[in-house]
Protein chains: 2
Amino acid sequence: MCEASVYISKDGKEELILEEVDIIRPENGKFYLRSITGEQMQVEGEIKEISLLNHKIVLERKSPR
Amino acid sequence: MCEASVYISKDGKEELILEEVDIIRPENGKFYLRSITGEQMQVEGEIKEISLLNHKIVLERKSPR
């Protein structure tokens, strides 16, 4: 299966927020995530890096402006 | 293998820009893409939708502001 784990990068560390993610799309200024098991969430942040062969997507919080 | 094809959405159509993409990351205000065969490019746009089980990533050009 080709789903990925989604992490949020904070203070130089990566925190796992959802595993086995299939769908990622922007929604209401956040990212909507849906896993293959049907778990859904919305996360604030921007794409930092996607590495599909590593099954890994890293988001990063925007700095306040 | 879990790489994906990257498309750009234009006028309601999706145009394939790079296949077998492994790495996607923001770089210089664009997205840097790298395929498993080593092909690299930079594309303007934002994430519209990622569907990993479909091996499909759709980018969308930002409207001029």
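Below, chains carry the letters A, B, ... as their sequence lines are ordered, and counting in each starts from 1.
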Exercise. When clusters are formed by joining ILVMFWY residues with side-chain heavy atoms under 4.5 Å apart, either directly or through shared neighbours, do B:V43 and B:I24 land in the same one?
Worked result: yes
Problem set entry | Part of residues 31-41 of chain B lying next to chain A, heavy-atom separation under 4.5 Å | B:F31, B:I36
Exercise. What residues of residues 51-58 of chain A sit under 4.5 Å from chain B when only non-hydrogen atoms are counted?
Worked result: A:S51, A:L52, A:L53, A:H55, A:I57
Seminar exercise, completed: Listed by number, the residues in residues 3-14 of chain B that come under 4.5 Å of chain A (heavy atom to heavy atom) are B:E3, B:A4
Exercise. Taking the side chain as C-beta and beyond, is there a heavy-atom pair between A:I50 and B:I50 under 4.5 Å?
Worked result: yes
Problem set entry | Residues which pass salt bridge (charged side-chain N to carboxylate O under 4.0 Å, His left out) with B:E49, listed by chain and number, not counting sequence neighbours | A:R25
